[in-house]
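Below, chains carry the letters A, B, ... as their sequence lines are ordered, and counting in each starts from 1.
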There are 2 protein chains.
Amino acid sequence: MAAVNLKQLAKILNLSISTVSKALRDSHEIGDATKERVLAKAKEMDYTPNPFASGLRRNKSKTIAVVVPEVANNYFSLAINGIERIAQENDYHVLIYLTHEDIEKEKGIMKHLENKRVDGVLMSVTMNTSNQTHLSDFQQKGIPIVFFDRICNEIETAKITTDDYISGINATKHLIENNCKDIAFLSLGDEISIMQKRKSGYLEELHKNNMEAKPERIVKCGNDDEMNYQLVKELLTGKNKPDGIFASVEKLAITTYQVCRELNINIPEEVKIICFSNLETASLLSPSLSTITQPAYNIGKTAAEVMFKYLDKNKTYIPNENIVLQSTLHIRESSQQIV
Amino acid sequence: MAAVNLKQLAKILNLSISTVSKALRDSHEIGDATKERVLAKAKEMDYTPNPFASGLRRNKSKTIAVVVPEVANNYFSLAINGIERIAQENDYHVLIYLTHEDIEKEKGIMKHLENKRVDGVLMSVTMNTSNQTHLSDFQQKGIPIVFFDRICNEIETAKITTDDYISGINATKHLIENNCKDIAFLSLGDEISIMQKRKSGYLEELHKNNMEAKPERIVKCGNDDEMNYQLVKELLTGKNKPDGIFASVEKLAITTYQVCRELNINIPEEVKIICFSNLETASLLSPSLSTITQPAYNIGKTAAEVMFKYLDKNKTYIPNENIVLQSTLHIRESSQQIV
DNA sequence: AATATTTACGCAAACGATGTAGTAATATTA
DNA sequence: TAATATTACTACATCGTTTGCGTAAATATT
């Protein structure tokens, strides 16, 4: 029942503990015959090294943490998929922590991780993470962080993102080409990097087309779905409503669909919609939803690969590096002018 | 930079290591004044115990593992959400492992976990997990397992499920009431418990209505989406197609929607569809999708709660217990007769 | 005042694996 | 043949915490 350890193995084999340990790690100090004997017995007795003992001794946890706002989210769950794949390939374990967009929870989690429980952290920060001292403090402890998607520019390390600015331009351009004259941008807080970039693209493209960027057309949504619903409803109620909506994240597009359904607003006739999304059912929606789709799986995969590139070399310091993957534009019914 | 440990704390406080350790754990052996002094200094120096050292000493990892087929799946991601919540409340960490429906991967993961890396495992087995010796072997090592959703009946422990049999009956009944005469069941392998129960409900209700259960109407799908697409396409091609489809899992319903779109089959006019699903956008699909929705978050939450109930008492043996939560039927357009 | 008890702390042995330093025995070389 | 190198192993300290036991001083009991 109890797990077998080196001591027991050594006694049975009539060898010393260190010999057995070295034999299992294929050390040159041990003769081939002995190695085979040890390996066979170890397999027979189903020996696996105690991770706490070796972790303590070697100061390696063989574990990385993934810190994300949500998991019940198509983007993040795909990213986790990619991360887990690479971690398994590297014989690493993956701890998962959810912040639920709560900056205090994020701080608490980082505090919990400071004591060498993990060899590295892959993270996407909270929409409220403006101050990042808890992250730089964390780095000071000698544990590397790699950011993906929601990055923290002020922290020096590798950052995996998508071409949010270009995508913001393209999405806006597409709406304009489909005859939108008054485009609203549904944002998710101002703090985070991706919002700023997506919004910049939106503003830049409006500017390029000599369209006015009205402040009231930038709707700052948050983590409260009910409140978001009200905000979008306000936006779409009454005469003076926009004829195009660029939702910066998937859930805001879904909210918009729900509002339109309630208010009996026809998409795309009255208002056209496009959004960042990894929704599998985008093409099955009514109407099918135009999306900018991020390579979520690859983002996670890449983030993990970069992390292991440094962990393998026992480097705890990761220099600044920006890896940008491309999103793809999927034009569907929700954003197209009816001809 | 390097994390502070007990030895350093003790030296600074001019106390022995054991006194510091006991003070931090609020032992009665230590005087109040000393305790305060230690606590203050520990906080000041940002001390946190090394998890490997205490894990090794106490034989406790403060970690549970979640083993599931997928994470990019609305059901499992919600369940993980619930699990993570309870784990955080109990000051536990959550390791995540994905089997991708691969029984060999499942075996490998369990082997990895045998060495006391975790205090307990919450799992939903692979669709191919028929033989469960790797699970009973695992239990023998003294680490408790709690199953949720995809349970393993042969293993004695707590199991959290939903009322799949009743739901199977209700879904089938609903299709029959909406005039379906020839209902197909899209299954995901025969091995797993939930499939058997859902199918039993389906068969039972057919029987009750004196409807023939044709073997060719039970389509055994798998993990390969492309192949599933072909299977569903075959089912729906030609004259002799069913007029109702009961998809046992969400992704098969989505596949069915896609096939119907390609073949220009009208839902619900030509074929009615209902499925088990936690899809957030079910009501926004075209047509909106009728679902049996499982309380995924609560299932995860309950599984974790049961686990901690035993872990708190240092019990590694969890007796058989079946906790059944109720799913809810959401009737939408895809399954209703047009009047 | 003598003894018993409590309080408050330190010592040292674990937990299991790892790696350095040491030691016989054998092999190689001058 | 003696000196040196190599091989194949063992002993032991170490990682950072925890915890049973020991003990001196303070307090309580008779």
Under 30°, 30 to 60°, or over 60°: which ring-plane class applies to His93(A) and Tyr97(B), parallel, tilted or perpendicular? perpendicular
Is Ser54(A) close enough to dA17(C) that one of its side-chain N or O atoms is under 4.0 Å from OP1 or OP2 there? no
Does Asn50(B) make a side-chain N or O approach to OP1 or OP2 of dG16(D) shorter than 4.0 Å? no
Starting the side chain at C-beta, find the nucleotide from dG19(C), dC15(D), dT17(D) nearest to Leu6(B). dT17(D)
Lys60(A) NZ to dG16(D) P: how many Å, rounded? 17 Å
Glu29(A) has a side chain; which of dA17(C), dT20(C), dT19(D) sits nearest to it? dT20(C)
The reported gap from CZ in Phe147(B) to CE in Met123(B) (rounded to nearest 0.5 angstrom) is 6.0 Å
What is the distance, rounded to the nearest whole Å, between atom CG of Asn59(A) and atom P of dA17(C)? 18 Å
Provide, to the nearest angstrom, the distance between the CD1 atom belonging to Ile30(B) and the P atom belonging to dT23(D). 18 Å
Sole candidate of Val324(A), Asp149(A), Ile299(A) that passes side chain to side chain contact (heavy atoms under 4.5 Å, CB included) when paired with Thr161(A): Val324(A)
Does Lys309(B) pair with Glu305(B) as a salt bridge, N-O distance under 4.0 Å? no
Considering heavy-atom distances to DNA chain C, does Ile17(B) or Leu56(B) have its closest nucleotide positioned more toward the 5' end? Ile17(B)
From the candidates dC12(D), dA8(C), dG16(D), the one with an atom nearest any side-chain atom of Thr34(B) is dA8(C)
Ser18(A) side-chain proximity, nearest of dG19(C), dC11(C), dA17(C): dG19(C)
Send over the distance from Asp26(B) CG to dA8(C) P, rounded to a whole Å. 13 Å
May I have the distance from Lys116(A) (atom NZ) to dC15(D) (atom P), rounded to whole angstrom? 15 Å
Which of these nucleotides, dT19(D), dT20(C), dT17(D), is closest to any side-chain atom of Lys22(B)? dT19(D)
What is the distance, rounded to the nearest whole Å, between atom CZ of Phe52(B) and atom C1' of dT17(D)? 14 Å
Atom CZ of Arg117(B) to atom C1' of dA17(C): distance rounded to whole Å? 14 Å
Here's a test for you: under side chain to side chain contact (heavy atoms under 4.5 Å, CB included), which of Ile86(A), Leu122(A), Asn90(A) qualifies with Ile64(A)? Leu122(A)
Arg37(A) CZ to dA8(D) P, in whole Å, measures 14 Å
Does a side-chain N or O of Tyr47(B) approach OP1 or OP2 of dT17(D) to a distance below 4.0 Å, or not? yes
